[in-house]
Amino acid sequence: VKTRVQDKLGIVDFPMPQFILIGSQSVGKSRLVECFAGELFNFCSGTLGSRRPTVLEFRNVPSATTSKWYTLDKATNHWQHHPTPTIMEIVGKSHQELGNTVSSEAIYVRVESSQCVDMQIVDLPGYRMFASDAAARKLAQEIDVLNGAFLADPRNVILCVEEAGDAANLSSLRRVMEVDPTFTRSILIRNKLDKYYNDLGTDNVNQWLVGFGDLPKNLMKFALTLPHWKEGSPPPAPMPVMRAEMDKQDQNKFKSLGTSQKLIDMVGFGNFGRYMEQRIERMFAQAIGPVLGKLRDLEGSMKTREEELKEELEHTDPAQMLATVRAAGMSFANCLTHVMEGFIRSDINRMTLDDELREFHRYHQQLGDMHTFLALPSDEFAGLDDYIDYLRGYIKVPAFEVAINGGAQFRRLMFEVETFLRFSEIGVETRKRDVLQSFGIAMNSVTWREVVVKLLNHDAHLPLQRRVAYVGQRVKWFFEQQKDPIVQFMKSLKGSPDEKLYSVLYSRHAKMIEENHTIRKLVYDTYDTVVQRQLMQFIDLFKSTLHATFSNPWVFLKKTTAMLDGDTEDVVLPSLEDTKARIPKEISSRTGIERTVTKWLYDIPSEPHRADEAVDQVQLLVLKVYSHIRSQVCDQVELFAESFFK
């Protein structure tokens, strides 16, 4: 019932107690699990044993002719059916990959069979009694800590497996006594009973079963023999048959010794299995009450919500509803300006630049559209981590480690995308063949001006356009993250010192947006649609600008005074004072750039025998012209972003 409720309702943390299986190595824990499953299997966990909890869920399916095995895929949270050998390989690999360490992260296995019992059990790593070296001692300590966490959980019912023998020397039971001194949730299973048949007689059998006084009277305990056979040989019969034979053997032996009827119920797997069924029923009855209560509360709240929605639908005037949604949307849009101006009390969606870039990349990876723009500014960066380290350590982006949102985050974003754009380079090296190809059929049919334009269009236009697309996507993603801060700003005005500075409708509309799912969806969807529209206009404008620029870069160069013969290796962002000092110089020397370019073009030789020299000079001129175009685009990107998005 528990598993069916989980499958139907998706309640993973169902408050049903579970069984945990503990014991030392080689006491028969795995064989006990096989008896629960009703078939043989081997998890192949290696010579060192298990390394993590294995959660086994057994389902009794009377109509099943063969068993079915499943593992839980944590990525999808769905059960995946596999053949039994594949399941064993998956489980074994999950243990072996940990080496000499342990992990609290469990692996989940489900078995459906007509031979198993309905229950869930957690098989924990076995205790290590002897450690030959430091690594083994460390492993034993880690297993003690891992198992101790499960033992301390009061919801877990403990199945403690010990070898039947001296009841005064049960090491695992001593650990159980530390966390469950009254044994209200502990069951002792004394395995390998047939090894001690010869120690029993009519005079001591009853005392032996109760441990000669060494076992607590209030501890539920069983003595049994689990199926076993000669090592290296195949099992002589199916597990259910061997399980029944061992149970019958134990029963016959103890009845022949005159065991009392009260104590005979503590012998054999059959009695143990019947007790487990009754215990599971009691545990479920105790746990299902709170679940039913929660379901009834959920049903009541859903009915109340249904009635409220019906009443709202019946009494809502469509025209008035439309006006209300529009008013809420206008307030929402107006408050974006206030958030961008700086909202100190905002604490939603605050991010460092590190978190922001990682979330941006994760978002587009999930969308699957990373191919539409350049994810990294240069191929020299091995990955996103390298780019983030560069921004943090070399560029030293302002407020890199500060979690901010709103206008402060936008200002930091502009700094980052401008840095990203300034990495733009011509995609390939200009080759002699490309230069000569640009001339067409004759050396004198095309001037060097046209050659430079062709090379720029061929090698530089599209890479710069893809970087501009990155800028647009970054700005779009930023504004999409501001929806919750906007609502928080609108809500926070009520009762604040700033309340009188803003419209009284802001707080009212914030409550409507927050409580009415329909209004919130309409406002949010409209906001996202507008942001997407502005992104397309931003991209289209830049496409047109770049197309015009690369079609005739010489006209573009006339407008400013970039020094083409200067060093362009280390480009730094100008300060306000640098900009102020640069502007008069540019205004007074606009014709200087045209004369400089013309001189460079005339200095390029046209003679066929000087083609190599011409190629070098053309390549240098292409790089310098592109450097100037790139700088101008970087200077304009913030203006374009603010014009289209703010």
Side-chain angles (χ1 to χ4, degrees), residues 321-341 343 348-349 351 356-357 359-375 405-407 409-414 416-418 420-421 461-462 464-490 506 509-510 512-513 516-549 633-646:
M321 182 65 179
L322 179 59
T324 301
V325 174
R326 285 178 173 172
M330 291 177 63
S331 295
F332 183 86
N334 291 333
C335 288
L336 172 62
T337 302
H338 303 310
V339 170
M340 294 297 291
E341 290 173 350
F343 173 36
I348 296 179
N349 286 352
M351 298 182 188
E356 182 181 343
L357 289 171
E359 287 296 325
F360 170 76
H361 279 253
R362 188 178 300 113
Y363 170 77
H364 282 282
Q365 285 171 356
Q366 292 174 350
L367 288 181
D369 63 351
M370 294 288 287
H371 63 281
T372 61
F373 57 89
L374 290 179
N405 62 12
Q409 184 183 2
F410 182 80
R411 187 64 55 202
R412 184 180 64 189
L413 180 147
M414 287 292 100
E416 183 267 323
V417 297
E418 186 173 349
F420 187 99
L421 276 178
H461 190 171
L462 291 181
L464 186 56
Q465 189 170 301
R466 294 192 67 197
R467 284 178 168 82
V468 171
Y470 169 86
V471 176
Q473 292 291 351
R474 284 281 285 120
V475 176
K476 174 197 170 187
W477 183 84
F478 161 79
F479 279 100
E480 288 177 342
Q481 303 305 307
Q482 303 308 307
K483 294 194 286 288
D484 290 337
I486 293 173
V487 175
Q488 184 191 32
F489 169 79
M490 297 168 69
Y506 287 171
H509 290 158
M512 294 173 57
I513 292 173
N516 191 303
H517 297 284
T518 302
I519 294 179
R520 181 169 67 247
K521 186 176 188 307
L522 290 172
V523 171
Y524 279 15
D525 287 353
T526 303
Y527 178 88
D528 289 340
T529 301
V530 171
V531 171
Q532 177 64 29
R533 183 195 68 195
Q534 298 303 102
L535 168 66
M536 300 310 299
Q537 293 182 357
F538 175 84
I539 297 297
D540 290 343
L541 176 65
F542 254 110
K543 279 185 178 179
S544 300
T545 301
L546 293 179
H547 181 75
T549 299
V633 170
C634 291
D635 291 342
Q636 294 175 7
V637 68
E638 183 173 357
L639 174 63
F640 280 23
E642 291 186 356
S643 299
F644 275 80
F645 288 101
K646 289 184 75 172

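- No close placement of the Y527 and F479 rings is indicated, their centers lying 6.0 Å or farther apart.
- Atom OG1 of T545 and atom CG of L464 lie 11.0 Å apart (nearest 0.5 Å).
- Proximity of K543 to V468: side-chain heavy atoms (C-beta onward) are nowhere separated by under 4.5 Å.
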| N349 and Q482: CA distance, side-chain angles, deciding distance, side-chain contact (heavy atoms from CB on, under 4.5 Å) verdict | CA-CA 8 Å; N349 286 352; Q482 303 308 307; 5.8 Å; no
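- Partners of F542 according to the ring-ring contact (aromatic ring centres under 6.0 Å, His included) rule, which considers only residues two or more places apart in sequence or in another chain, are F538, F640.
- Looking at H361 and M370, their side chains come closer than 4.5 Å, going by heavy atoms from C-beta outward.
- Using a distance-only test at 3.5 Å, with no hydrogens or angles considered, a donor-acceptor pair links the side chain of N516 to the main chain of I519.
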Which atom pairs, donor and acceptor, lie under 3.5 Å between side-chain atoms of residues 325-341 and protein residues at least two apart or in another chain?
unit_1, atom_1, unit_2, atom_2, d
S331, OG, A327, O, 3.2
S331, OG, H509, ND1, 2.6
N334, ND2, M330, O, 3.1

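- Ring geometry, Y470 versus F420: the interplanar angle falls under 30°, so the pair is classed parallel (tilted spans 30 to 60°).
- Remark: side-chain polar atoms of K483 are paired, donor with acceptor, to backbone N or O of E480 under 3.5 angstrom.
- Taking CD1 of I486 as the reference point, atom CD of Q488 lies at 11.5 Å (rounded to 0.5 Å).
- Once rounded to the nearest 0.5 Å, the distance linking CE of M536 with CG of L541 reads 12.5 Å.
- With values rounded to the nearest 0.5 angstrom, H364 atom NE2 is found 11.5 Å from E359 atom CD.
- Atom-to-atom distance recorded for T518:OG1 and I513:CD1 is 12.5 Å, nearest 0.5 angstrom.
- No donor-acceptor pair under 3.5 Å is formed between the side chain of R467 and the backbone N or O of V417.
- Taking the side chain as every heavy atom from C-beta outward, Y524 and V487 approach each other to under 4.5 Å.
- Under a 4.0 Å N-O distance rule, the pair R412/E416 does not qualify as a salt bridge.
- When all heavy atoms are compared, the tightest approach of F478 to G406 is CZ-O, 3.2 Å.
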| message | Is there a side-chain contact (heavy atoms from CB on, under 4.5 Å) between N405 and Q481? Walk through the geometry before answering. | response | CA-CA 9 Å; N405 62 12; Q481 303 305 307; over 6 Å; no
